[in-house]
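Read the numbers this way: they start at 1 and go in the same order the structure lists the ligands and their atoms.
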Amino acid sequence: MKKVVKFGGSSLASAEQFKKVGEIIRQDSSRRYVVPSAPGKRFPNDIKVTDMLYDCYETAVSGEEFADKLEKIEERYQEIIDGLKLDFSLEKDFAVISENFKKGAGKDYAASRGEYLNGKVMAAYLGIPFVDAAEVVRFDEDGSFNDAVTDELLAGRLADLERAVIPGFYGAKEDGTVVTFSRGGSDITGSLVALAVHADLYENWTDVSGFLIADPRIVRNSKSIEIITYKELRELSYMGASVLHEDAIFPVRKVGIPINIRNTNAPEDKGTLIVESTCRKSKYTITGIAGTDGFAAITVEKAMMNSEIGFCRKVLQVFEENNVSIEHMPSGIDTMTIFVHKNEFEEKEQKILADITKAVNPDHIELESDLALIAIVGRGMKSTRGTAGRIFSALAHAHINVKMIDQGSSELNIIVGVRHEDFKNAIRALYEIFVLTQL
Ligand code: ASP
């Protein structure tokens, strides 16, 4: 059994957190490859080391004195090193970083030092080799990630290493220029390492016990999801549920390595297991509920629209030409409705309306803003009768008017549109009917 374990910033924010991580790794000898993030927040208003680095580098390139800011960052690491009683120093590394900042080594280089240094501390703490991600995660000349070369480099380098620490979030071009993934990108590194070493499991340790059935800011004490498929996850992430970087899924998914989201602060919790497919039924008919606010709907009406060939295409083309992405598209016989993100649409509104009029000469165009979409997602819906009935009766009992209904053809989700002011109550009503009152 071989596991890759990635620890997020809050799991590594202090010496106390490092100790929990050490305990988790020592408990299971198959946890062989460790991917750390940079130290995150220790308390709600704290600043992540990554953000401190971006800020410090900006000061450096503007020609101002940045030594104080860099010293503050060094103190964050020193606190961890002292708390762990390690006989280890990052002094030389900080001297190199300071020089490179003066030379303008780049924003990505600056941010990457958070993971680089934390990886070094982690390797010293665990007593296992450190592998610099710049040597094994490859970006092309144009800055795009090169998966094939990365896989070859990582697999080659880790083949002889029984255990190793590989810092997350960054890699480098062939000439050594450091490049980072987007924020939260250590999740991707973990996934790449899991792929390269043919891990049996990719454990992603964070500060929550996996995905929750509903957003905890809306549903207090929401239960967590034990097992979820990639497809379900995609539906929920689209609606804003986020725990994992989206690009972390692809590398492990293609070879069938499951991801287990775990909580460093509650290691006894099983967390959420993400798999390609499973015959394990979820405890409830639904797997999760997620929603997003801030949609606008444009309904285009024209008598006999159904027989006018090319009508839909012409309307859609207007959105394409105005560079506005379409999120949903429910339709009737003589109407088609386009859901878009309100903030994307607003500034182009008048132009789009004029273009639609020009393109299809509709009888009427109706606009509605301040809409929210809620996705009720679950692989169990396919084989359960009455799911839609329960959704609508729950919403009706909560006095919520449903503005739109869309059931994906895979029967994996049902999306309902509601008014902004009903958004939270709708989610609560759905949680109640599927999780609290009916198993
Ligand atoms: N440290 C980086 C960030 O704050 C990357 C990561 O934590 O995954 O986004």
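Screening Lys41, Lys69, Arg183 for a salt bridge (Lys or Arg N to Asp or Glu O under 4.0 Å) involving Asp51 leaves a single residue, Arg183. Each of Arg379, Arg253, Lys254 was checked for a salt bridge (Lys or Arg N to Asp or Glu O under 4.0 Å) with Glu276, and the lone residue meeting it is Arg253.
Those atoms of ligand 1 with a heavy atom of Lys48 less than 4.0 angstrom away are 4 (O). Near Glu115, with a cut-off below 4.0 Å to any heavy atom, the atoms of ligand 1 are 1 (N), 2 (C), 5 (C), 6 (C), 7 (O).
With hydrogens left out, the protein atom closest to atom 4 (O) of ligand 1 is Arg183 NH2, 2.9 Å, a heavy atom. The protein heavy atom nearest to atom 6 (C) of ligand 1 is Ser186 OG, 3.4 Å. Ranking protein heavy atoms by distance to atom 7 (O) of ligand 1, first place goes to Ser37 OG, 3.1 Å.
Under a 4.0 Å heavy-atom criterion, Gly185 is in contact with ligand 1. Residue contacts with ligand 1 include Gly184, since one or more of its heavy atoms lies under 4.0 Å from the ligand.
Under the rule for a side chain to side chain contact (heavy atoms under 4.5 Å, CB included), the partners of Asn260 that lie at least two apart in sequence or sit in another chain are Leu201, Glu203, Arg262, Leu273.
Ring pair Phe169/Tyr116: centre-to-centre distance not below 6.0 Å. Proximity of the aromatic rings of Phe181 and Phe139 is defined here by a centroid distance below 6.0 angstrom, and this criterion is met.
Side chains of Thr229 and Glu232: a donor on one and an acceptor on the other come within 3.5 Å.
Between Phe169 and ligand 1, not a single N/O pair is under 3.5 Å apart.
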